[in-house]
Amino acid sequence: MSKKTYVQAINEAVRQEMRRDPKVIVIGEDVAGGQGATGEAGGVGSVFGQMQGLYREFGPDRVIDTPISESAIVGAAAGAALTGLRPVAEMMFVDFVGVCFDQIYNQAAKFRYMFGGKARTPMVLRATIGAGFRAAAQHSQTLHPLFTMVPGLKVVMPSSPYDAKGLLIQAIRDDDPVIFLESKFLFGMEGEVPDEPYRIPFGEANIVREGKHMTFVAFGAMVPRAVAAAEALAKEGVQVEVIDPRTTSPLDEDTILESVAKTGRLVVIDESPPRCSLAADIAGLVADKGFHSLKAPIRQVTCPHTPVPFSPTLEDEYLPTPARIEAAARSILVHA
Amino acid sequence: MSKKTYVQAINEAVRQEMRRDPKVIVIGEDVAGGQGATGEAGGVGSVFGQMQGLYREFGPDRVIDTPISESAIVGAAAGAALTGLRPVAEMMFVDFVGVCFDQIYNQAAKFRYMFGGKARTPMVLRATIGAGFRAAAQHSQTLHPLFTMVPGLKVVMPSSPYDAKGLLIQAIRDDDPVIFLESKFLFGMEGEVPDEPYRIPFGEANIVREGKHMTFVAFGAMVPRAVAAAEALAKEGVQVEVIDPRTTSPLDEDTILESVAKTGRLVVIDESPPRCSLAADIAGLVADKGFHSLKAPIRQVTCPHTPVPFSPTLEDEYLPTPARIEAAARSILVHA
Amino acid sequence: MQLSRDDLKRAYERMFTIRAFEERVEKEFSQGNIPGFAHVYLGQEASGVGVCFDLGDEDYIGSTHRGHGHCIAKGVDVKGMMLEIMGKAGGLCGGKGGSMHIADLSKGMLGANAIVGGAPPLAVGAALTQKYNKTGKVAVAFTGDGASNQGTVFEALNMAVVLKVPAIFAFENNSYGEHTHVSYACGAPSIADRVRAFGMPCEVVDGMDFFAVLEGMRKALEHARAGHGPYGLEIQCKRFLGHFVGDPQAYRTPAELAEARAADALPRFRDRVLEAGLLDAADFEAIEAQVLELVEAAVQEALVAPFPDPARDLTRDVYVRYA
Amino acid sequence: MQLSRDDLKRAYERMFTIRAFEERVEKEFSQGNIPGFAHVYLGQEASGVGVCFDLGDEDYIGSTHRGHGHCIAKGVDVKGMMLEIMGKAGGLCGGKGGSMHIADLSKGMLGANAIVGGAPPLAVGAALTQKYNKTGKVAVAFTGDGASNQGTVFEALNMAVVLKVPAIFAFENNSYGEHTHVSYACGAPSIADRVRAFGMPCEVVDGMDFFAVLEGMRKALEHARAGHGPYGLEIQCKRFLGHFVGDPQAYRTPAELAEARAADALPRFRDRVLEAGLLDAADFEAIEAQVLELVEAAVQEALVAPFPDPARDLTRDVYVRYA
Ligand SMILES: Cc1ncc(C[n+]2csc(CCOP(=O)(O)OP(=O)(O)O)c2C)c(N)n1
Ligand SMILES: Cc1ncc(C[n+]2csc(CCOP(=O)(O)OP(=O)(O)O)c2C)c(N)n1
Ligand SMILES: [Mg+2]
Ligand SMILES: [Mg+2]
């Protein structure tokens, strides 16, 4: 056990799985870096360093740089997965999904069903998500609803270094296509991460904080914000339970419903615009199966229905802030 | 006024707008048909006939056949719209969005915001939607949540020939990018359609049927099914209000909330898998802003979390059936 | 090129199976026994059979919406196909895929693909597996002339060269993408030149001549198996029918349609083999009789076979395990 | 090629404005005054200026993530750009777009584009408008060597030929896409050959020589304006810095970097013009002094300018009208 960052945890997960299983390969843009250039190759290791050093350890056959051709990257990963490899493909920013979505949602995700259960597509597609970096509208999206809605995909949103490693190892060993969303916001976050490999099963929520007056559900980078808001409320005696489902698909409905059964109040925090969001998804779930426990309206704290703005003053108000989460919580406390 | 089918209504809307405004052009695969071939050109008019006859009336400059290159089609439409034309682009099946989504969601939808309000992208992207034709997993999707979630897009789902014409004319005259989803299921549906051009504003729901005991919200091809279920319930004295919001974005929240304020019960019917669906979106809306009117859980009747199956026996159970809608309604009647 | 008598028989048997199967599909479709769409491969038999002739079960192919012929050429079971096309539980995909999604991984068939340009990137991946595992096997992507304009296809071409994988790109140019002629849809006069410009050899072959296709494919296989990377084939062939069964085809003149039929690869193959004295008429008759029987049996079995049971099958097999 | 003294001054002024602007962006970025990423155009000045030199405000360009140079070459206001890059309310996009989304439709600038391969399809559309309205104007798509492998770009090339629109595809080959060399990422040795294979002429020009770029572009313009359809240019140029400001570039040797600097288009232009006696040193000094002043003023104004107000601006301008 030792302190590691979120990026280090991701790196360690892939490295250990590559050591364990020769069928695991890495493919994407600049996952090595420097190919064909005059200087050294392999020194980039992904633009945020998640794959750093893997090229040197595993060489060009297993850490494969590609042209800027996301459809071919995802397709190559899916085709390799169908025929026996376990590719870990990288999409530098999730925003690029628009140029390769077909290979994800019509191909990889649907093979098993379309082929009557006869195919396996054990691939992981890693992608970075999230606003907050002044990277503007085409490099700041999260887009987890886009994947969550697709039958055949599993979708992971780790909120800590510990979860990142355990969920990524599970993703690589998983026999279904997994979308693994890495929150840029958390890349530098440190936490205790065991040195040995371990898995965190999909569909099992983490109860980050216990409480009895209200439930917060949050994913990925929204978890620390939800906790911050919960801590602020705790000072006034409001005990909030914070649930991090870790995977949006499968979703641990039971843990959410049990919590609401206890608290009667729910705020869902979601790092995306409001329409057809994961916030709505969970609100809808509870408005159906948890209706009789509800003591107050279900609030959703989301981004506004706008693209991500560039300017710092605008972007700082774009994502759900602890203050907005707190305000939403307060607005349903009065319904006691 | 005369009886027309849904397809004829679509055709008439485009034709009349093309006559009115020389800036309106049509672009897509086989919107004319027969280009370069040995026989006659222009005889296809879209594979379901929606654009039939337009080539003969307006010629190749205004009814433009393209290669099978959806990114270039949508991009060309967006670029032409930015520079002064009003393109009506066609995606033969909405399922093909995966190969051109970037041009829709990162480009056309975001220009106005990214450019600080200085751009207009008055384009319409028409696409056919829906299961029920034994066309299997890659030609049967609806995917309206995919568009609804995107800030910058407007999304239209007409449920009748009358609405199809009025909404399409509005879409063509609208200054924002509009996704116009044509339900294959309704193509042959007949209804009264005025001969002269008329517009139906976006964001104004149609109350298809009044009622006081329960509210159904449904879109497009689900509207007739919701009505069928409502009629069955009416025989037992349960009066269901059926609301067709017509556009998913903007959404007429007020009409939905007013109805639930009256009925206290809500079933949302949605032609998509359940996760991050439009059903969840509306359930989430009402669980927040309409909470205090609710007398019972909000039910969602959706497709299962699976791709669309080919086999008739499976596909017939895939879409929400009137029977399933009725069952959902009954399950919340007992909470009276 | 010298082929053994057995090989010649196998070639004709495969081509005639496609012919008989597709003519039957057309008939059963028109009679309402086949749900959905049917895109038949009539006219292109020599292409699929020529390309797949030297492939084994561990070589892969990625197919298109017009995939029946590719399946049969790759040795996929005809009964399983007919069951699938009729949506029956016993079909190759349990009735879930249908005509446009037939797959049989045990035969190296990665699936028909209803998305134009869907398969080439997948074939690059299948070829990558072969290179990585040093199997000496290849992956073939079938692509139409219409599909040759889809961005995913170009990306796959470039990627295959960059990764130097044993991928073979078989462009079946039947002059039409749906109802549009290739001379309109492809801005450049030659598909092969476009493929070459991506950095791989590409041969143009007469797709109505089985031997020409086989010869081209053998060069491609030699190249790919020797580790020289991908190879392209532009296979010029004819679509006898419309885009789908039922397409009235006003955009094609009767003369053009007659010309297509006149180029039929099957009589051409038969005449040539008969002339060379390698097989005799009785051999052909025997093959045809046997194939017709097989197809008849497949249809009869499929017609009465049960449909899937929604309660059991609708939500099954979305995931290997959903948790 | 003969250019007037005024034209020569204008050319140098544009190139030097890019140089001074980008060097200043680099500095302000390093000092924390510019949020986000900055991809500067240093080294490629002759390319952008050469391509845009003969374009008017009603000709369009579509740009890339490395778009500052294209904007300046197209005549976009430098103050508005600096304000935008610093995220200020007075910026060209009200601070909503930033470096990667600067657009100015009044100058025919359709926007920088942070999606690699995003602009070429849009340029086809802008060119379609010109053809449809018979304006005699053109649309240019700037694309990098890395971007030249994106499927959308190939689709745009083909579509432009099919629709025979006045689109000009300017491929700026600076040998790198992020941290990968073109010799690895492009399977084929020549981008220009690939472009030609789509059915349009394509010229290779030395992007470190303003006159060569201009000459190539004039042929392109003549071709496109005469209604002969699209035209390609492969402009071979050098990226002086890393992919983004701050990229340590261990993948490039110091020798390569020095070689790039040695090819600098600005002294080359100056020396040639001086040698020919068309302008004198004082002319260049005057231009440089004036440009530096302009850039300094832009920075000073931008540094103190107000940021947008979230209450007013965050949710504004998503739609023309949302109803
Ligand atoms: C991405 C996408 N666009 C459009 C279609 C509709 N479509 C199906 S087949 C076809 C024509 C394909 O032509 P070609 O590649 O020449 O194959 P052929 O039908 O001649 O075998 C089209 C446009 C599709 N299935 N997928
Ligand atoms: C679709 C997509 N994929 C990847 C990226 C990340 N990215 C941004 S710039 C770039 C390199 C582009 O190289 P090139 O086209 O040569 O342009 P240059 O940077 O040399 O100007 C990459 C990979 C992106 N923005 N969009
Ligand atoms: Mg074809
Ligand atoms: Mg470059």
Side-chain angles (χ1 to χ4, degrees), chain A residues 28-47 60 64-73 75 92-93 95-100 102-103 131-140 273 303-318 321, chain D residues 34-37 65 84 86-89 91 93-101 113-118 144 146-152 175-187 243 248-257 307-311 313-318 322:
Chain A
E29 294 160 18
D30 285 315
V31 290
Q35 294 289 15
T38 53
E40 56 156 12
V44 175
S46 301
V47 299
I64 304 171
D65 268 346
T66 67
I68 309 172
S69 308
E70 283 79 5
S71 285
I73 295 170
M92 198 183 287
F93 290 80
D95 310 68
F96 309 159
V97 66
V99 296
C100 60
D102 186 73
Q103 290 291 330
F133 294 83
R134 307 7 181 156
Q138 294 173 341
H139 276 66
S140 304
C303 306
H305 186 68
T306 79
V308 183
F310 166 66
S311 185
T313 53
L314 301 179
E315 199 187 26
D316 287 342
E317 293 300 313
Y318 183 80
T321 54
Chain D
I34 293 178
F37 304 121
H65 58 288
E84 186 59 34
M86 292 195 180
K88 300 306 176 79
C93 306
K96 280 179 170 160
S99 167
M100 290 199 290
H101 304 292
N113 208 310
I115 297 298
V116 158
S148 81
N149 301 309
Q150 184 66 255
T152 53
S175 296
Y176 286 92
E178 296 223 340
H179 321 292
T180 297
H181 198 265
V182 62
S183 63
Y184 178 84
C186 284
H243 173 60
Q249 290 201 92
Y251 52 92
R252 294 173 83 183
T253 59
E256 190 209 330
L257 289 166
F307 283 104
D309 170 9
D313 297 328
L314 177 60
T315 59
R316 203 172 69 174
D317 289 330
V318 180
Y322 193 38

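Quick note on labels: first sequence line is chain A, next is B, and so on, each numbered from 1. This structure is a prediction, so every number in the text was calculated from the model and none was measured.
Between D:Tyr322 and A:His305, the angle of the ring planes stays under 30°, which puts this pair in the parallel group of the 30/60° scheme.
The line from CD1 of D:Ile34 to CZ of A:Arg134 is 14.0 Å long, rounded to the nearest 0.5 Å. Atom OG1 of A:Thr38 and atom OH of D:Tyr176 lie 4.0 Å apart (nearest 0.5 Å). Going from atom OH of A:Tyr318 over to atom OG1 of D:Thr315 covers 11.5 Å, rounded to the nearest 0.5 Å. Expressed to the nearest 0.5 Å, how far OG1 of A:Thr313 lies from CG of D:Asp313 amounts to 7.5 Å. Rounding to the nearest 0.5 angstrom, the gap separating the SG atom in D:Cys93 from the CZ atom in A:Phe310 is 10.5 Å.
Of the possible polar contacts, none joining the A:Thr306 side chain to the D:Val318 backbone as a donor-acceptor pair under 3.5 Å is found. No side-chain donor-acceptor contact under 3.5 Å links D:Tyr251 to the backbone of A:Val44. A donor-acceptor pair under 3.5 Å is absent between the side-chain atoms of A:Glu317 and the main chain of D:Pro310, judged by distance alone. For the pair A:Ser69 (side chain) and D:Asn149 (backbone), a donor-acceptor distance under 3.5 Å is present.
With a 4.5 Å cut-off on side-chain heavy atoms, D:His181 and A:Gln35 do not count as touching. Side-chain atoms of D:Met100 and A:His139, non-hydrogen and from C-beta on, do get closer than 4.5 Å to each other. A 4.5 Å side-chain heavy-atom check between D:Leu314 and A:Pro309 finds at least one atom pair inside the cut-off. The side-chain heavy atoms of A:Met92 and D:Glu178, taken from C-beta on, include a pair separated by under 4.5 Å.
With chain D as partner, the option from A:Pro304, A:Gly42, A:Gly34, A:Ala37 having the largest number of non-hydrogen pairs under 4.5 angstrom is A:Ala37. Of the listed residues (A:Gly43, A:Ala137, A:Pro312), the greatest number of heavy-atom pairs within a distance under 4.5 Å of chain D belongs to A:Pro312. In terms of heavy-atom pairs under 4.5 angstrom with chain D, the leader among A:Gly33, A:Ala135, A:Ala41 is A:Ala135.
For a residue to count as touching a neighbouring chain, one of its non-hydrogen atoms must lie under 4.5 Å from one of that chain's; by this rule D:Ala147 touches chain A with the backbone only. Using a 4.5 Å cut-off between heavy atoms, A:Ser140 makes no contact with chain D at all. Using a 4.5 Å cut-off between heavy atoms, D:Asp309 contacts chain A through its backbone alone, with no side-chain atom that close.
Shown here are the side-chain contact (heavy atoms from CB on, under 4.5 Å) partners of D:Gln150, two or more places apart in sequence or in another chain: A:Ile68, A:Glu70, A:Val99, C:Glu155, D:Val116, D:Thr152, D:Val153.
With no hydrogens or angles considered, a side-chain donor-acceptor pair links A:Asp30 and D:Thr180 at under 3.5 Å.
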